[in-house]
Amino acid sequence: MTAYDLEPGDGVHPGKPVTVDRYTVGARINHWITAISLVLLAISGLALFTPSLYFLTALFGGGQWTRAIHPWIGVVLFVSFSILFIRFWRANLWKGEDNIWLTRVRDVLLGHEERLPELGKYNAGQKFVFWGMSLLILVLIATGLVAWDQYFFRFTSIETKRIAIIVHSLAAVGIICVWIIHVYAAIWVKGTMGAMTKGRVTGGWAWRHHRKWLRELVASRRSNAGTPRTPAE
Ligand code: HEM
């Protein structure tokens, strides 16, 4: 069996219950900086988008501050997500079992997971979220730079800036929708939040939702038995 989606720090520990390391401290800090940035961007962006939400600028010290801070938080999100991307892209590559998962999405929603194929570290829904976020963040940073007049005004025409702002707003609505799906799924699938807060899940959770990944972990533990292991980050 080729371990196609084991990531650094993933590990399984025997015991009652069995525990499985899913995210290192570094990955979790990286994730939460990304998450906080997106929430701040959504609030400040919506405040600038429509007069009815202008009152939200008070959270950032007023209209001028909101206008000044929003692009810089965008830069933080872009850098932070890029690091997250480098960490996770491999485990999000599309596999044969993802097509089967998609055709049986009804069973996913009804909780009949025994009818689904064994999955690696992520399921097809999580992979859609991952690639959707990646694409939308690229669009947001590109169009955001075009509209960032303080530094880049002279590089593009007014017409180009207008188109950029429309595309920027549509991409922002898109990523807010993807974010809602992401958070809903994290809460809906019990035991998932612990992966991003404590860094680990139970063996039962891994067996139920990501059995192929768990089997790979157990196999790699067996093949490493006897060789000294460095503790995960
Ligand atoms: C603020 C609310 C958020 C919550 C509660 C949340 C929660 C979680 C949880 C629990 C996981 C672990 C899922 C698993 O291992 O199966 C996760 C993974 C992940 N999250 Fe979030 N998240 C939030 C926001 C975000 C944002 C804003 C982004 C990116 C813009 C993001 C990107 C990711 C990525 C890339 C993963 C790894 C999953 C994958 O690669 O498919 N998250 N999140």
Side-chain angles (χ1 to χ4, degrees), residues 4-12 19-46 73-95 97-98 101-102 108 113 116 118-141 144 168 171-214 216-217 232:
Y4 68 85
D5 60 359
L6 292 189
E7 291 176 310
D10 289 357
V12 59
T19 53
V20 186
D21 298 329
R22 195 158 163 87
Y23 295 108
T24 61
V25 175
R28 279 177 281 149
I29 292 174
N30 191 176
H31 173 268
W32 290 117
I33 290 176
T34 310
I36 291 166
S37 310
L38 190 98
V39 172
L40 291 176
L41 279 164
I43 298 171
S44 55
L46 287 168
I73 308 174
V75 172
V76 174
L77 175 83
F78 179 68
V79 173
S80 179
F81 187 83
S82 300
I83 301 170
L84 213 59
F85 183 91
I86 293 165
R87 287 178 193 278
F88 298 153
W89 71 271
R90 247 184 98 78
N92 280 285
L93 291 177
W94 201 258
K95 301 283 167 191
E97 61 265 26
D98 295 322
W101 189 93
L102 273 188
V108 177
E113 279 185 81
L116 299 167
E118 293 192 3
L119 299 175
K121 188 160 184 179
Y122 299 115
N123 63 40
Q126 290 173 299
K127 290 180 183 180
F128 265 120
V129 166
F130 178 83
W131 293 106
M133 281 172 171
S134 308
L135 180 73
L136 289 167
I137 287 174
L138 266 185
V139 172
L140 284 163
I141 189 80
H168 193 77
V173 171
I175 203 162
I176 290 171
C177 295
V178 174
W179 173 69
I180 291 170
I181 293 170
H182 177 63
V183 176
Y184 183 80
I187 296 169
W188 184 52
V189 181
K190 283 199 185 70
T192 305
M193 283 304 268
M196 238 349 140
T197 50
K198 292 178 267 177
R200 55 181 189 274
V201 289
T202 61
W205 183 95
W207 176 256
R208 182 163 180 188
H209 305 297
H210 301 279
R211 196 168 301 176
K212 199 167 171 180
W213 175 65
L214 181 64
E216 286 177 358
L217 280 170

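What you see is a predicted model, and the numbers here were worked out from it, not measured in a lab. Both ligands and their constituent atoms are indexed starting at 1 by order of listing. Just so you know, these numbers use all the heavy atoms, side chains as well, and skip hydrogens, waters and symmetry mates. Sequential numbering from 1 along the given sequence is applied to the chain's residues.
If you number the atoms of ligand 1 from 1 as listed, the ones under 4.0 Å from a heavy atom of Y23 come out as 12 (C), 13 (C), 14 (C), 15 (O), 37 (C). Against a heavy-atom cut-off of under 4.0 Å, L38 is close to the following atoms of ligand 1: 27 (C). The atoms of ligand 1 that sit less than 4.0 Å from any heavy atom of N92 are 39 (C), 40 (O), 41 (O).
No side-chain heavy atom of R211 sits less than 4.5 Å from a side-chain heavy atom of L119.
The proximity of T192 to ligand 1, defined as any non-hydrogen pair under 4.0 Å, involves the side chain as well as the backbone. Contact annotation for M193 and ligand 1: heavy atoms of both the backbone and the side chain come within less than 4.0 Å of the ligand.
When only non-hydrogen protein atoms are considered, atom 1 (C) of ligand 1 lies nearest to W179 NE1, 3.4 Å. For atom 28 (C) of ligand 1, the closest heavy atom belonging to the protein is M133 CE, 3.6 Å. Considering only non-hydrogen protein atoms, atom 38 (C) of ligand 1 sits nearest to Y122 CE2, 3.5 Å. Atom 35 (C) of ligand 1 has as its closest protein heavy atom F130 CD1, 3.6 Å.
Side chain of R22 to backbone of K121: a donor-acceptor contact under 3.5 angstrom is found. Not one N or O on the side chain of W32 forms a donor-acceptor pair closer than 3.5 Å with the backbone of T197. Listed for the D98 side chain is a donor-acceptor partner under 3.5 Å among the backbone atoms of K95.
Residue-to-ligand polar distances place Q126 within reach of ligand 1: an N/O pair is separated by less than 3.5 Å. Note: no N/O pair closer than 3.5 Å links W205 and ligand 1 by distance alone. Between W32 and ligand 1, no N or O atom pair is found at a separation short of 3.5 Å.
The nearest pair of heavy atoms linking S80 to T34 is OG-OG1, 2.6 Å. Of all heavy-atom pairs spanning D5 and D10, the tightest one is O-OD2, 4.1 Å. Scanning both residues, R87 and E7, for their nearest heavy atoms gives O-OE2, 2.9 Å. Heavy-atom minimum distance, L217 versus G11: CD2-N, 3.7 Å.
Within 6.0 Å of atom CZ in F85, more than 12 heavy atoms from other residues, nucleotides or ligands are found, so the atom counts as buried in its surroundings.
The aromatic rings of Y23 and Y122 sit parallel, their planes meeting at an angle under 30°, below the 60° perpendicular limit. Note on ring orientation: taking the six-membered ring where Trp is involved, the planes of F130 and F81 are tilted (angle from 30° to 60°).
Relative to the ring axis of W205, R208 does not place its NZ or CZ within 45° and under 6.0 Å from the centre.
The number of protein N, O or S atoms lying under 2.8 Å from atom 21 (Fe) of ligand 1 is 2.
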